[in-house]
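A short write-up of the structure that comes next.
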Amino acid sequence: MGNQENFFDSKMIANLIIAFALLFSAIYYFNYAQEIEDDINTVIVNSLKDASNSLAEQETAHK
């Protein structure tokens with residue numbers, strides 16, 4: 001009985017919670033990988049456009 005009590009200590013429970021969270025995240029990612037990739041690409045492209053526009057505005061303000 002003492003052996004089983006030692007198996008389910010707080011460290012083991014925390015590790016199990018982390019393992020389940022990672023497993024859930026992996027399953028979610030594989031199910032929605034294309035949508036996630038599209039959203040990330042959209043954010044990156046929009047950020048680059050904003051940076052480019054900002055640089056263009058700064059360049060025209062200096063002239």
Side-chain angles (χ1 to χ4, degrees):
M1 190 71 176
N3 205 9
Q4 190 172 4
E5 288 175 11
N6 289 338
F7 183 74
F8 286 111
D9 59 352
S10 61
K11 193 177 206 180
M12 182 65 174
I13 292 171
N15 287 339
L16 286 173
I17 291 171
I18 292 170
F20 282 126
L22 289 172
L23 183 64
F24 176 76
S25 298
I27 291 170
Y28 184 84
Y29 176 77
F30 286 126
N31 285 339
Y32 297 101
Q34 190 60 47
E35 289 89 351
I36 293 170
E37 183 179 344
D38 292 342
D39 288 343
I40 290 172
N41 287 337
T42 301
V43 167
I44 291 172
V45 168
N46 287 340
S47 296
L48 290 173
K49 286 180 182 177
D50 290 343
S52 178
N53 289 339
S54 177
L55 289 172
E57 288 175 5
Q58 287 179 359
E59 190 65 29
T60 56
H62 288 281
K63 289 183 179 181

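In what follows, residues are counted from 1 in the order of the sequence shown.
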* **ring pair (Phe, Tyr, Trp, His ring centres under 6.0 Å): pairs with one or both residues in residues 35-54, sequence neighbours excluded** => none
For residues 32-43, which side-chain donor-acceptor pairs fall under 3.5 Å, sequence neighbours excluded?
{"from": "Gln34", "atom 1": "NE2", "to": "Asp38", "atom 2": "OD1", "distance (Å)": "3.1"}
{"from": "Asn41", "atom 1": "ND2", "to": "Glu37", "atom 2": "O", "distance (Å)": "3.3"}
{"from": "Thr42", "atom 1": "OG1", "to": "Asp38", "atom 2": "O", "distance (Å)": "2.8"}

Show every donor-acceptor pair shorter than 3.5 Å between a side-chain atom in residues 15-24 and any protein atom, with sequence neighbours excluded, or say none if there are none.
{"from": "Asn15", "atom 1": "ND2", "to": "Lys11", "atom 2": "O", "distance (Å)": "3.4"}

